[in-house]
Engineer: 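I have a structure here, written as structure tokens, and I will follow up with some questions on it.
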Amino acid sequence: MLTPAFFDRDCLEAAPELIGKILVMRAPDGTERRLRITETEAYRGETDTACHAHVGKTKRNEVLYMAPGTLYVYLCYGVHWLLNVITEKEGVPQGVLIRACAGAAGPGRLTKALGVTGALNRTMLGAGPLSIEDDGCRPEIVRLPRVGIGYASLEDQARLWRFADAKNHR
DNA sequence: TTAGTGATATCC
DNA sequence: GATATCACTAAA
């Protein structure tokens, strides 16, 4: 199982390494769901205009400033929960958005498939029902521009901070 | 292509 | 207090 130490570094290092890892969700009834991560995106601090933290700390995004391994679960468009894992040490607002898994394309569908909700916001990875495992899989990784960030500067939109399994994305 | 959905941030 | 915005999805 991945420990918080895995996330105690730059999101640009952690994000590509999460590709091929397994998201494990243990339901209260004991059942387990496992999905292999196929797509992530890096959100890197206040200087990244696509990152929620670029306007400074607010009540919503303060989770980004918390300790590495903390989960940031955010409700988008009133409908979809988006799952992020905080990277870098406390006080540095960085995170990795888990965008897609094998069999669940799209961040909203992913959380729905796993049963992730805002109840997990601010909880620590591994301390709650959700954890990530490494089964040794090292897929080929492609770098792509991030999506859904039209409000960011053109410069930041152009950054190749989206990472995907070369064989599993479309 | 467009409507839906509700928390959050920003503006009176 | 009110409105505008949004790291999306499903239906058409």
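Lettering follows sequence order; numbering is per chain, from 1.
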Engineer: For A:L75 and B:dA9, what is the distance between atoms CG and P respectively, to the nearest whole Å?
Structural biologist: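 Roughly 13 Å, once rounded to whole Å.
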Engineer: Nearest whole angstrom, please: distance from the C1' of B:dT5 to the OH of A:Y77.
Structural biologist: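 Atom OH in A:Y77 sits about 12 Å away from atom C1' in B:dT5.
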Engineer: Between B:dA9 atom C1' and A:Y74 atom OH, what is the distance in whole Å?
Structural biologist: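 Going from A:Y74 (OH) to B:dA9 (C1'), I get 10 Å.
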Engineer: State, to 0.1 Å, how close A:A42 and A:A15 come at their nearest heavy-atom pair, and which atoms those are.
Structural biologist: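 For A:A42 versus A:A15, the nearest heavy atoms are CB-CB, 4.2 Å.
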Engineer: Output the rounded distance in Å from CZ (A:R60) to P (C:dC6).
Structural biologist: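 These atoms are roughly 10 Å apart.
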Engineer: So if I take every side-chain heavy atom of A:V79 and compare against C:dA10, C:dC8, B:dT5, which nucleotide ends up nearest?
Structural biologist: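 Looking only at side-chain atoms, A:V79 lies closest to B:dT5.
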Engineer: Could you check whether A:G148 gets within reach of a base, just the sugar-phosphate, or nothing at all, counting any heavy atom under 4.0 Å?
Structural biologist: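 Sugar-phosphate: the residue A:G148, judged by heavy atoms under 4.0 Å, touches backbone atoms but no base.
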Engineer: Heavy atoms from C-beta onward define the side chain here; which of B:dA9, C:dT9, B:dA7 lies closest to that of A:H80?
Structural biologist: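 Of all the options, the side chain of A:H80 is nearest to C:dT9.
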Engineer: Check the distance between C:dC8's P and A:L83's CG and give it to me in whole angstrom.
Structural biologist: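 To the nearest whole Å, that distance equals 14 Å.
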Engineer: Write down the distance between NZ (A:K112) and P (B:dT5), rounded to a whole number of angstrom.
Structural biologist: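 From A:K112 NZ to B:dT5 P: 14 Å.
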Engineer: Measure CH2/A:W81 against P/B:dT8 and give the value in whole Å, please.
Structural biologist: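 It works out to 8 Å between those atoms.
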Engineer: Please report the distance, rounded to the nearest Å, between CG in A:N61 and C1' in C:dC6.
Structural biologist: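 From A:N61 CG to C:dC6 C1': 14 Å.
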Engineer: Can you tell me how far apart CZ (A:F163) and CG (A:L18) are? Round to the nearest 0.5 Å.
Structural biologist: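 Going from the CZ atom of A:F163 to the CG atom of A:L18 covers 10.5 Å.
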Engineer: Hey, does A:R109 reach any base, or is it just sugar-phosphate, or nothing, if we go heavy atoms under 4.0 Å?
Structural biologist: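 Here A:R109 touches the backbone only, sparing every base.
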Engineer: Who does C:dT9 pair with, Watson-Crick or G-U, both distances under 3.5 Å?
Structural biologist: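 Paired with C:dT9, as far as the under-3.5 Å criterion goes, is B:dA3.
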Engineer: Between the side chains of A:E46 and A:Y65, is a donor N or O closer than 3.5 angstrom to an acceptor N or O?
Structural biologist: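 On atom types as modelled, these side chains qualify, holding a pair under 3.5 Å.
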Engineer: Under a 4.0 Å N-O cut-off, is there an ion pair linking A:E41 with A:R146?
Structural biologist: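 Salt bridge between A:E41 and A:R146, a charged N being under 4.0 Å from a carboxylate O: no.
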